[in-house]
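Naming convention: chains lettered A, B, ... in sequence-line order (proteins, then strands); numbering from 1 in each chain. Quick caveat: nothing in here was measured; it's all calculated off a predicted structure.
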Protein chains: 2
Amino acid sequence: MAADVRVLEDLKAAILRGEFAPRQRLVEAELCERFDASRFSVRAALQALEADGLVERQRNIGARIREISLEEAVEISEVRQVVEGLIARRAAERATDAEAEELAAIGRRMHDAVAAGEVGEYSELNARLHASLRDIARHEKANGIIAHLHGQMVRHQFALSRVPGRSKVSVWQHQAIIDAVVARDGDAAETAMRAHIASVIEALRAIP
Amino acid sequence: MAADVRVLEDLKAAILRGEFAPRQRLVEAELCERFDASRFSVRAALQALEADGLVERQRNIGARIREISLEEAVEISEVRQVVEGLIARRAAERATDAEAEELAAIGRRMHDAVAAGEVGEYSELNARLHASLRDIARHEKANGIIAHLHGQMVRHQFALSRVPGRSKVSVWQHQAIIDAVVARDGDAAETAMRAHIASVIEALRAIP
DNA sequence: ATCGACAATATTGTCGACAATACCGCGCGC
DNA sequence: GCGCGCGGTATTGTCGACAATATTGTCGAT
């Protein structure tokens, strides 16, 4: 049961895993075969993914993977900058002692990962830090918007994580965020988060 | 042609016009009759509106108008606060002289409307000011998110505009935003916008 | 009178078939 | 040779019918 939900989740996961190239056409019949589903389910999934901003559809022509231009990626990051700023502020205002310690632990492991040159581990910790902040902030709307924006950024995000030397810079920005939250300083947390994402935007512009 | 798009637009407009009560059920057959469309089109529209956050659907049970609680309205406004802050900043950075003058004109008409006690006119000018700022900022992603959030707020927004005496307070907040944009001061524009929406949030909390 | 099971009804979920449209290659006229 | 129109094919759009499920109403036992 709930075949359409399954198709939606699988297809979205596949897109987020980068299994489709930007502007690649998504033919309904092909998706039907791949996911062993009816066109009905596939169609519903495509409509949902269109609303999600992951695919674009043209009437009577079909669906394709939406290409996110550099300018658009920058715009997305600018919105992320202020919304994650809000999240950082709320996290600083609401963190329990246990949650603060959890963030501090992530920070220590980040330093270790950078020292050991473990890029994959650092990237994982990075995602974990931002996720923890979202959990602590308990701001459903903000979290939802970040999830929405993040989905459109996967490709650029991936490119970013491969820029050599970035972790050495960003580890201190992350530390500043953690320190502000641990100190329960909302202003400082928002400022630190915005500075961090400002640097992400700079790096983004430097890639192509 | 494009029957589903027509149904989507009409239904959305009807919801935004407040023709349906929160938690009111939306039976597919009834909508078919009302909009003279097939279930196919109605269904597509409902799915789109679900993604839009205007209706909620439960499997095998149906669709209903989503009720936005006060807490949720506050969360929405908090996100609006930072995103409109971004928009105000960008507007200050990008406004042409003609655009700045347009904003100033709106500000003058606002003062007039308040002095004359014309609530409807003021409310209209308020919407126009925010819309102009969005146009000037030219930030598609931010504008899209604001549109998305605004749709969910219509009911509360309406309640807000009926609070007596609010216009006398907010007109000066609006003036501060306009002044900052005219002065091309991004920091001041963001600060003024955030202060303005902070006061909206306060008023929101005071309503029930 | 109250509760539970069961039937009747209302509503949504799913599908396959057909229609409409766009894309591509071919042939015809110039 | 080149442009233009014309079909053929691939793909999506739309619908009506039926299945699955939830809700409501009814009846009987206690």
Apply side chain to side chain donor-acceptor pair (under 3.5 Å) to [X] and list each qualifying residue two or more places apart in sequence or on a separate chain.
X	answer
A:Ser123	none
B:Glu101	B:Arg108
B:Gln81	none
A:Arg80	A:Glu84

request  = Check B:Arg94, B:Arg90, B:Arg134, B:Arg138 against B:Glu99 for a salt bridge (charged side-chain N to carboxylate O under 4.0 Å, His left out) and give me the one that passes.
outcome  =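 That would be B:Arg138.
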Rounded to whole Å, how long is the line connecting atom [atom1] of [X] with atom [atom2] of [N]?
X	N	atom1	atom2	value
A:Asp36	C:dC15	CG	P	10 Å
A:Asp4	C:dC15	CG	P	9 Å
B:Ile61	C:dT12	CD1	P	11 Å
A:Asn60	D:dT9	CG	P	20 Å
A:Gln58	D:dG13	CD	P	11 Å

query = Partners of A:Arg109 by salt bridge (charged side-chain N to carboxylate O under 4.0 Å, His left out), sequence neighbours excluded?
reply =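 Testing A:Arg109 for salt bridge (charged side-chain N to carboxylate O under 4.0 Å, His left out), a comparison that skips the adjacent residues, returns A:Glu121.
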key: Summary of side chain to side chain donor-acceptor pair (under 3.5 Å) pairs that have at least one residue in residues 24-37 of chain A, sequence neighbours excluded   =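 Qualifying pairs: A:Glu19-A:Arg34, A:Glu28-A:Arg39, A:Glu28-A:Arg43.
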key: Within residues 125-156 of chain B or reaching into it, pairs that qualify as ring pair (Phe, Tyr, Trp, His ring centres under 6.0 Å) - sequence neighbours excluded   = B:His130-B:His174, B:His130-B:His196
request  = Check DNA chain D against residues 39-48 of chain A and give the residues with a non-hydrogen atom under 4.0 Å, in numerical order.
outcome  =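 Heavy-atom contacts with DNA chain D come from A:Arg39, A:Arg43.
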query = Under 4.0 Å between a side-chain N/O of A:Arg59 and OP1 or OP2 of D:dT14, yes or no?
reply = yes
query = Does A:Ser38 make a side-chain N or O approach to OP1 or OP2 of C:dC15 shorter than 4.0 Å?
reply = yes
inquiry  = Within residues 21-35 of chain A, which residues have any heavy atom lying less than 4.0 Å from an atom of DNA chain C?
reply    =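 Within residues 21-35 of chain A, no residue comes under 4.0 Å of DNA chain C.
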